[in-house]
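None of these values were measured; they are calculated from a predicted model. By convention here, the first residue in the shown sequence is residue 1. Note that these values count all heavy atoms, side chains included, but never hydrogens, waters or copies made by symmetry.
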Amino acid sequence: MIETSTIPNGEAPMSWFKIFSRKSKPGHSAASAAPSVTAPSVVAPAAEAPAAVAPEVSPAADPLAENGLPKIAIITGASRPGSVNKSVAEWVLAQVADRTDADVELVDIADFSLPLLDEAYPAAYQNYQNPATKAWSAKVSEFDGFIFVVHEYNHTAGPVLTNALSYLNAEFNNKVAGFVSYGSAGGARAVEHLREILSELQVAHVRNQVMFSLFNDFENFSEFKPTEQNAGTLAPMVDQVVSWAKGFATIR
């Protein structure tokens with residue numbers, strides 16, 4: 001059964017559907033039936049014109065070296081007596097010495113004598129208290145990109161390198177890194193962990209990676225003598241680091 005309703009003024013009863021249709025027509029809405037009320041006009045006080053503000057000037061991008069070339073640091077990853085790490089870093093430096101598209105410098109972590117992280121403030125504050133930290137900060141700030149020489153220790157990167165990275169933050173931001181690693185598995189696992197740390201420091205890291213085996217690229221596990229095949233992977237990685245370093249200089 002369809003419910004009906006009686007409309008005032010003697011109109012015939014109609015179904016709820018017709019009532020609804022009639023109410024939805026123009027002139028029969030609840031809003032139109034209600035008496036109109038005119039709100040009192042309120043004149044807002046005139047707003048004062050804002051004072052002229054000089055446009056904010058963004059700081060200029062970090063310049064490359066005076067000759068227009070990116071500066072790349074080859075950073076050692078160990079300070080242990082007898083470590084082969086520095087000999088690998090020196091080999092890298094010799095291989096790239098003739099490049100004309102970048103200035104490359106070897107930076108030995110051992111020269112900074114960084115203790116186990118002992119700064120009171122987080123690195124992002126740059127409120128350094130110790131002379132060693134200040135020297136490390138100043139050196140890292142000089143570069144547009146980095147090549148880390150990484151050895152694998154307990155399936156991860158060596159503690160000296162990860163400790164040194166923990167000291168700083170802004171000095172690494174919007175720069176690029178590449179890797180030369182070595183170990184029983186080529187240092188692959190060390191670099192995978194290092195990539196995570198560098199991502200947090202806003203360092204872009206190139207895909208190409210140089211990996212040396214303790215069994216094939218070292219004589220008696222102590223004298224570095226890279227195979228031709230593995231040595232040949234260095235130049236493509238450095239090519240990426242240099243080109244990315246130029247690009248990120250415009251971001252900074």
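A donor-acceptor pair under 3.5 Å is formed between the side chain of S141 and the backbone N or O of S137. Between the N163 side chain and the P115 main chain, a donor and an acceptor come within less than 3.5 Å of each other. Of the possible donor and acceptor atoms, none in the side chain of E105 sits under 3.5 Å from a partner among the backbone N and O of K71. Side-chain N or O atoms of E171 include one that pairs as donor or acceptor with a backbone N or O of N169 at under 3.5 Å. Judged by distance alone, the side chain of E119 and the main-chain N or O of N130 form a donor-acceptor pair under 3.5 Å.
Looking at every heavy atom in both residues, N85 comes nearest to V149 through ND2-O, 3.2 Å. Across V180 and V92, no two heavy atoms sit closer than the pair CG2-CG2, 4.0 Å. When all heavy atoms of F143 and I72 are compared, the pair lying nearest together is CD2-C, 3.7 Å. Scanning both residues, A123 and Y167, for their nearest heavy atoms gives CB-O, 3.3 Å. Here the shortest heavy-atom pairing between A164 and L114 reads CB-CD1, 3.9 Å. Closest approach of A245 and P70 over heavy atoms only: CB-CB, 3.9 Å.
Partners of E219 under the salt bridge (charged side-chain N to carboxylate O under 4.0 Å, His left out) rule, at least two apart in sequence or in another chain, are K225. Shown here are the side-chain hydrogen bond (donor to acceptor under 3.5 Å, both in side chains) partners of Q129, two or more places apart in sequence or in another chain: N127. Take A231 and apply the side-chain contact (heavy atoms from CB on, under 4.5 Å) test, not counting sequence neighbours, and it matches W91, P226. With sequence neighbours left out, A157 forms a side-chain contact (heavy atoms from CB on, under 4.5 Å) with V150, T162, A190.
Follow the hydrophobic side-chain contacts under 4.5 Å out from F179 and you reach V140 in the same cluster. Residue Y125 is not grouped with residue L201 when hydrophobic side chains (ILVMFWY) are merged at heavy-atom distances under 4.5 angstrom, including chains of intermediate members. One hydrophobic cluster, built from ILVMFWY side chains closer than 4.5 Å, cannot hold both F146 and L69; they sit in different ones. In the hydrophobic clustering of this structure, F224 groups with F221; members are Ile, Leu, Val, Met, Phe, Trp, Tyr whose side-chain heavy atoms approach within less than 4.5 Å, directly or through other members. No continuous path of ILVMFWY side-chain contacts below 4.5 Å connects W244 to V191, so the two sit in separate hydrophobic clusters.
Aromatic pair W136/F112: centroids less than 6.0 angstrom apart. With ring centers used as reference points, Y182 lies under 6.0 Å from F218.
For the pair M237/V241, a side-chain contact is recorded, criterion being any heavy-atom separation below 4.5 Å from C-beta on.
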Mind running side-chain contact (heavy atoms from CB on, under 4.5 Å) on V238 and R99 for me, showing each step along the way?
CA-CA 10 Å; V238 178; R99 294 188 69 111; 3.5 Å; yes
How far apart are the C-alpha atoms of L198 and L165, what are their side-chain angles, what is the distance that settles it, and do they pass the side-chain contact (heavy atoms from CB on, under 4.5 Å) test?
CA-CA 8 Å; L198 293 175; L165 293 174; 4.2 Å; yes
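Here the straight-line distance linking atom OG1 of T156 with atom CD of E196 works out to 8.5 Å at 0.5 Å rounding. Between the CG atom in N230 and the CG atom in D217 there is a gap of 4.5 Å [rounded to 0.5 Å]. To the nearest 0.5 angstrom, E192 atom CD is 11.0 Å from R189 atom CZ. With rounding to the nearest 0.5 Å, the separation of CG in L168 from OG1 in T133 is 7.5 Å.
Between F148 and F172, the angle of the ring planes lies from 30° to 60°, which puts this pair in the tilted group. A perpendicular orientation is assigned to the rings of H151 and Y153, their planes being inclined by more than 60° (bins at 30° and 60°).
The side chain to side chain donor-acceptor pair (under 3.5 Å) contacts involving residues 201-213 comprise S181-Q209, R195-H205, S199-H205, where partners must be two or more places apart or lie in separate chains.
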Can you give the donor-acceptor pairs under 3.5 Å from side chains of residues 73-80 to other protein atoms, not counting sequence neighbours?
{"from": "T76", "atom 1": "OG1", "to": "D108", "atom 2": "OD1", "distance (Å)": "2.9"}
{"from": "T76", "atom 1": "OG1", "to": "I109", "atom 2": "N", "distance (Å)": "2.9"}

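For D144 and R252, the salt-bridge test passes: some basic side-chain N is under 4.0 Å from an acidic carboxylate O.
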